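Working notes, structure below.
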Amino acid sequence: MDVKEEAGRRDQTGAVEPGIHQNEAAAAHLAEEMACFANTEGGGAIILGISNRGRRIGTNLSVEWLRHRIFELTGRMVTPSIREFEMDGVRLLVLSTAEALEPVRYDGRIKWRVSDNCVEIDALTWHTSSMHRRGVDWSAQPSGHGLEDIRPSAIKIARRYLGEAQTVGSRHAHVVKLAEAGLEDLMRRLNLVDVEGRLTNAGALLFVTTPAVGVDYVRRDHAGGGSVRRIESADPLVSQVDEVIRAIDGFNRVSHVPTGPGGVVHLRRRTLPMPAVREAIVNSVVHRDWHSPDPTLVEHIDDMLIVSSPGGFIGGITAENIITHPPKPRYRSLAGAMATLGLGEREGIGVDRMVGAMLASGLSRPVIVEVKGPYVRVTLFGGDPDRETIEFLGSIEPPALAGDVEILMLLDVLCRSGWVDGPTAAPALQRRTSEMDDRLDRLLRLRLDGNPIVVPVKGIPSSASRAYRLSAVAQGRLADRLAPLSGREAHRDIALQWARARARVSSTELADLTGVHTSTAGRTLKALSEEGLLIPSSDKKAGRGFHYAPTDSPA
């Protein structure tokens, strides 16, 4: 849903002119917007007559004229439902459209909604997405290949992965037995062959050939440098993935991390955690658009890995919810086969595993975005693992919680900002604020040498939501990592971030957050007030309950 004001209603000074019954500028603008909504999953609606700033300026457009004009401008493809109603005496219109069965072009282009924007796409991308929404799994459809076309080298690789699969319980015997199965039996149990013995599209991709180069891998020792290794082929997808993963492993620098008393014990850690690498590569080929002729591009530059796969997010998944959104594989059969082979996640898309592997080494979270094309781009920023983080996580009790990806994300927030509460941590965990109480309770269960890892921030009013900081014991173990939170400028930033997030900040709160005396914290807040960044709660600027509010807060 969106709100719009009627186009063509303002004069050169920006003043709103009287409305008319037929406005071509408005009709053209609305036709483009409605075409965009029609191309989007679920369709959409526009409330017409409200300015960008929320002012109700209304509209006098004729409903029948506008409906027919949009129908004409969209090539007779969109006939919107238009309802009129009044709000506080102002006439508004609600235009809505269902999802189209065929792509709707406006001015020769196909657009659909990505977040709040209309983004141009090609017809192939639209049809691929439409097939997915209607439950058509292209990867499960029969291909033009049979069992005789399967490459023996690809089967050998698949059996190796099946043998190496880390399984537990009753599934272990199943996987071992599957690794030893005959060719036809193996294909049937992977659901890669139909009743007539034809390989599905997923089976052909994995064990025969990809339509063009599937994965294009480039290794550079530094940004801007020439390539020192290039892999690009149309071999079976299993072979391509295996070759790329082995190439990355070969160039993946080993870092020796000294741990224990005196640093006498050295852990060998890769600068790019291989579980994260593997998930990034597998996800890029399983969830990409295989109707696109473009390859998945893997750029391995120094300790950084950038993986760009054709096809945008689907099924309501965005960069902001990809960790917690229910799995929506583009190709269910292909994803299932890769999971059975031990190369992917059957129940999810492996993003949480990528995040956990990076954070467990003290590295930055993966950056996952949708870029023009559309492509989904995953960037892993590798580097020397952080000794403090590894030792810290290894000492946490109970150990099971220490490896929980949401606990790792909460600890990352604490190390970056110095504190955490439900509303500020929710976006980082991609959860609703209402879901955060349970996560914070689990954080409170963590112990280090018998001491709590987090403690409540002092000075918070009893009516305010709870917030926590790292305990003195935890701060001592993470001293180097927390160094950026020390010093006058860092304390100013903490004060402003706290004030803007919680609509207030007191000297007691800031002193507890930064470890300085309350008088020092008070001087910091006074300086911010004199700069116009904070507002004192009373003219006396002292007394019980005195605090500051941010200038951009209604508090």
Side-chain angles (χ1 to χ4, degrees), residues 1-121 126 129-130 133 312-313 316 318-321 370 427 432-433 552-555:
M1 189 186 73
D2 206 349
V3 294
K4 299 283 184 183
E5 69 173 58
E6 182 184 333
R9 283 278 304 279
R10 293 185 183 271
D11 62 21
Q12 294 181 346
T13 67
V16 179
E17 296 181 326
I20 56 178
H21 294 307
Q22 298 182 10
N23 179 346
E24 281 295 333
H29 179 67
L30 291 168
E32 183 174 11
E33 293 290 327
M34 295 311 289
C36 180
F37 272 125
N39 289 327
T40 304
E41 181 179 2
I46 291 174
I47 300 177
L48 183 66
I50 300 178
S51 72
N52 291 336
R53 296 187 176 183
R55 179 187 169 201
R56 297 165 195 160
I57 61 176
T59 178
N60 288 326
L61 288 174
S62 163
V63 169
E64 293 303 322
W65 175 84
L66 182 60
R67 180 186 294 113
H68 184 69
R69 194 70 188 107
I70 291 175
F71 174 66
E72 290 179 326
L73 291 170
T74 57
R76 309 173 73 85
M77 294 285 286
V78 177
T79 305
S81 168
I82 305 179
R83 296 181 293 115
E84 58 179 308
F85 67 97
E86 285 194 0
M87 182 178 289
D88 297 335
V90 178
R91 179 179 182 263
L92 303 175
L93 296 179
V94 177
L95 296 79
S96 60
T97 179
E99 179 181 342
L101 296 178
E102 293 293 332
V104 179
R105 287 176 169 82
Y106 183 84
D107 196 23
R109 296 183 295 177
I110 304 171
K111 293 184 177 182
W112 65 12
R113 296 278 289 203
V114 176
S115 186
D116 294 333
N117 302 305
C118 281
V119 177
E120 186 175 0
I121 57 167
W126 188 92
S129 177
S130 178
R133 294 196 298 271
F313 294 120
T318 67
E320 290 72 33
N321 67 13
E370 182 175 288
R432 294 187 296 270
T433 301
D552 54 358
S553 169

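FYI, side chains are in, hydrogens and waters are out, and symmetry mates aren't considered; it's all heavy atoms of this structure. Keep in mind that what you see is a predicted model, and the values were worked out from it rather than measured.
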Discussion item. Just verifying a value: how many Å separate Glu33 CD and Leu48 CG, rounded to the nearest 0.5 Å?
Written reply: 11.0 Å
Worksheet item: Just how far is it from atom CD of Glu84 to atom CZ of Arg91, taken to the nearest 0.5 Å?
Response: 4.5 Å
Worksheet item: How about Arg10: does its CZ atom have over 12 heavy atoms from other parts shown lying under 6.0 Å from it?
Response: yes
Worksheet item: What closest approach, in Å, do Ala28 and Tyr106 show between heavy atoms, and which atom pair accounts for it?
Response: O-OH, 3.2 Å
Practice prompt. Quick one: closest heavy-atom pair of Arg9 and Gly58, and the distance?
Written response: NH1-O, 3.1 Å
Worksheet item: Out of curiosity, Asn117 CG to Asp2 CG, how far, rounded to the nearest 0.5 Å?
Response: 9.5 Å
Worksheet, complete the sentence: Closest non-hydrogen atoms of Thr40 and Glu99, given as atom of the first, atom of the second and distance, are O-CG, 3.7 Å
Worksheet item: Taking all atoms of both residues into account, what is the closest heavy-atom pair of Arg55 and Val16, and its distance?
Response: NH1-CG2, 4.1 Å
Item to complete: Kindly say whether Phe313 contributes a backbone atom to a donor-acceptor pair with the side chain of Glu370 at under 3.5 angstrom?
Response: yes
Worksheet entry | Thr97 side chain near Ile70 side chain, heavy-atom distance below 4.5 Å | no
Discussion item. Quick check for you: to the nearest 0.5 Å, what is the distance between Asn39 atom CG and Glu120 atom CD?
Written reply: 11.0 Å
Fill in: Min side-chain heavy-atom separation Thr59-Asn23 under 4.5 Å
no
Worksheet entry | With sequence neighbours excluded, residues passing side-chain contact (heavy atoms from CB on, under 4.5 Å) with Glu72 | His68, Arg69
Worksheet entry | Reported CZ-to-OG1 distance for the pair Arg67 and Thr79, which is rounded to 0.5 angstrom | 8.5 Å
Worksheet item: Is there a donor-acceptor contact under 3.5 Å from the side chain of Arg105 to the main chain of Gly75?
Response: no
Item to complete: Report the C-alpha separation of Leu61 and Ile82 in whole Å, then their side-chain angles, then the decisive distance to 0.1 Å, and conclude whether the side-chain contact (heavy atoms from CB on, under 4.5 Å) test is met.
Response: CA-CA 11 Å; Leu61 288 174; Ile82 305 179; over 6 Å; no
Item to complete: Kindly give the heavy-atom pair with the smallest separation between Trp126 and Ile110, and that separation in Å.
Response: CD1-CG2, 4.4 Å
Worksheet, complete the sentence: Correct closest heavy-atom pair for Glu5 and Ser51 would be OE1-CB, 3.4 Å
Fill in: Euclidean distance, Met1 CE relative to Phe37 CZ, rounded to 0.5 Å
9.0 Å
Discussion item. Using side-chain heavy atoms (C-beta onward) and a distance below 4.5 Å, is Met34 in contact with Thr74?
Written reply: no
